[in-house]
Amino acid sequence: MMDSVGVYGFCGCTAKNKVKCDSRWEITASEMAPTSAYSSPARSLGDTGVTPLSPSHTVNDADPNVSEQQAFLVVVAVDFGTTSSGYAYSFTKEPECIHVMRRWEGGDPGVSNQKTPTTILLTPERKFHSFGYAARDFYHDLDPNEAKQWLYLEKFKMKLHTTGDLTMDTDLMAANGKKIKALEIFAYALRYFKEQALKELSDQTGSEFENSDVRWVITVPAIWKQPAKQFMRQAAYQAGLASPENAEQLIIALEPEAASIYCRKLRLHQMIELSSKAAVNGYSASDTVGAGFAQAKEHIRRNRQSRTFLVENVIGEIWSELEEGDKYVVVDSGGGTVDLTVHQIRLPEGHLKELYKATGGPYGSLGVDYEFEKLLCKIFGEDFIEQFKIKRPAAWVDLMIAFESRKRAAAPDRTNPLNITLPFSFIDYYKKFRGHSVEHALRKSNVDFVKWSSQGMLRMSPDAMNALFKPTIDSIIEHLRDLFQKPEVSTVKFLFLVGGFAEAPLLQQAVHAAFGDQCRIIIPQDVGLTILKGAVLFGLDPTVIKVRRSPLTYGVGVLNRYVEGKHPPEKLLVKDGTRWCTDVFDKFISADQSVALGELVKRSYTPAKPSQLVIVINIYSSELDNVSFITDPGVKKCGTLRLDLTGASGTAVPTRREIQTLMQFGDTEIKAMAVDIATSKSVKVGIDFLNY
């Protein structure tokens, strides 16, 4: 779907319908007159660009570009998480059976998870060595001096969310401070999951399983922007899951959407309700908040005989109480981000409609880790912690593993302290660094709620641990409060709390306290696997979400006939005696606009010369709806649309060519296709948000 593009020569033409499209940015801003953030490219280059012939917004029931669907034998979904990852699959002939991957070797005390840590280890020669528990354990066992040569990375997915100028060349930093290309790491990780899944499928079916038989689904946060989604697709291509020529083999699924799809199927015995006073599945609301949630999970674990989950091919019992048009919120709280989506059920099929654009932010459980690191800096000094992470990277990983185990034991009603083991190398290195003991540092610090235990542990009071959660949980609650103020979100019936962080009793209690009187709060069993199972269902039927909301306003820069008094004088461009207004924002779609699946935005363009082989059109975006010019505040260039006309015209080149472009905004990724009207031949089209 997405070709790598560079900017090729100019596009220009004569006017038709009094609208022209600005499509060239070869000149840098520093070479142009500094009248605004974006000086007019048309003014600078003296060329009027390609012409949109017939701007129109149409709704089609089906995407005409989708021909006969390729027949896949199995759908494999990869939940590539910030802290943990995993895969699940379903054979297309048995869609009601979802198989979760084999249990991983290794694991942590106090942490029950069918997924594996998102950790990767490369050799000193930068070759892939291992992933998950295997990577972490091998790295831990290395000699400290040898470990400095190896490249160990964890929780690296957040880089795609936090990097504003993400490119194919974006770097990640390993624990030893060395840099490596992010694309390489993501491709290594996805290749590992591909190999594991194909091996398991081959073992299960008794014959070699081919990658061509698999439809792959990769989950990403709904709040990710287009460059991050494209980056993940490019990494999957590099890993061999699919290819640009067979792009349909890979689907990008939005994490809260996947959770929503699965939650539709829930039976009463598959969920825990926090907000009802009546007992559900033998557990009342007071039981399930806090310590009782652990009992509920144990009950579930004992009753689960296998890794295969049966999904009823009907709408679950939870929807028996829903009427046409009822609304619900999915709160996907993971390791890195929290994603909020609002859906409406369409009966009787159970199709879903998005009511408000996805929102959220970096409020995942990593925030608790950052607070712990800040606490350590306060006690031992930021200079020491920074040095320790570089000089003893494996020991730092050990310390954070110890904290993770204790973090999961935090609960609202806990009274006894939590002990966190400090690695010996931490105690030893601190003494060499400072000249006094760790115990001395704790006594001298003004942190009363953390004490030193003679067993070599930090002893934290429950209040101290709860305080580490507070900033992150407060951000989630505040974001939810803002969401509940929106008219589209009033009268919400259910709130589904999903994702790994949803297991935290402190988060459950906070959500229950804030919203328990407004809607019913539901936590699916195996809450950490909800997205994974929903992603498989999405791969089996990608059309289940019928209506989405556009997160941004998208459009291109065009030239309109200049109207005195309406258009600013500085936008006037005179070309061949005709007065044009330059930099006009031609809107494809508005932020938060409803877009149906298969809905197409059509634009027609004419090349400057009949023999021209490439048209490159710049795409602009804004979070605002009311945009007039591409130079308005908040409008930025976000990508390119490249039309490759080679091979589309046949033998005879017509004197005037019209290229109709169809863009689709109702899917999880923006898609484009084009056709040469004169010949009815497809035009190769690339839409690129990474390399523009």
Any luck finding a side-chain donor-acceptor pair between Thr543 and Asp541 under 3.5 Å? yes

[X] (side chain) donor-acceptor with [Y] (main chain) under 3.5 angstrom:
X      : Y      : result
Asp339 : Ala222 : yes
Thr163 : Leu160 : no
Lys229 : Thr668 : yes

CA sep, side-chain torsions, deciding dist, call: Ile589, Thr553, side chain to side chain contact (heavy atoms under 4.5 Å, CB included): CA-CA 6 Å; Ile589 194 162; Thr553 297; over 6 Å; no

Would you mind reporting whether [Y] and [X] have side-chain heavy atoms less than 4.5 Å apart?
X      : Y      : value
Leu340 : His479 : yes
Ile659 : Leu645 : yes
Leu483 : Val342 : yes

If the threshold is 4.0 Å, N to carboxylate O, is there a salt bridge linking [X] and [Y]?
X      : Y      : result
Lys357 : Asp592 : no
Asp586 : Arg603 : yes
Lys181 : Asp169 : no
Arg548 : Glu257 : yes
Lys681 : Asp676 : no

Can the ring centres of Phe186 and Phe80 be said to be less than 6.0 Å apart? yes

Going through the distances and angles, do Asp171 and Lys159 end up as a salt bridge (Lys or Arg N to Asp or Glu O under 4.0 Å)? CA-CA 9 Å; Asp171 286 322; Lys159 183 81 173 182; over 6 Å; no

In terms of the angle between their ring planes, are Phe484 and Phe515 parallel, tilted or perpendicular, with boundaries placed at 30° and 60°? parallel

Run the side chain to side chain contact (heavy atoms under 4.5 Å, CB included) test on Lys637 and Ile619 for me, step by step, so that the C-alpha distance in whole Å, both residues' side-chain angles and the decisive distance to 0.1 Å come before the verdict. CA-CA 6 Å; Lys637 185 182 166 197; Ile619 302 172; over 6 Å; no

Rounded to the nearest 0.5 Å, what separation is found between the [atom1] atom of [X] and the [atom2] atom of [Y]?
X      : Y      : atom1 : atom2 : answer
Glu255 : Thr337 : CD    : OG1   : 6.0 Å
Phe585 : Asn560 : CZ    : CG    : 13.0 Å
Ile252 : Ile218 : CD1   : CD1   : 5.0 Å
Gln344 : His351 : CD    : NE2   : 14.0 Å
Leu250 : Arg215 : CG    : CZ    : 9.0 Å
Ile687 : Met663 : CD1   : CE    : 6.5 Å

With Phe629, which residues qualify under ring pair (Phe, Tyr, Trp, His ring centres under 6.0 Å), at least two apart? none

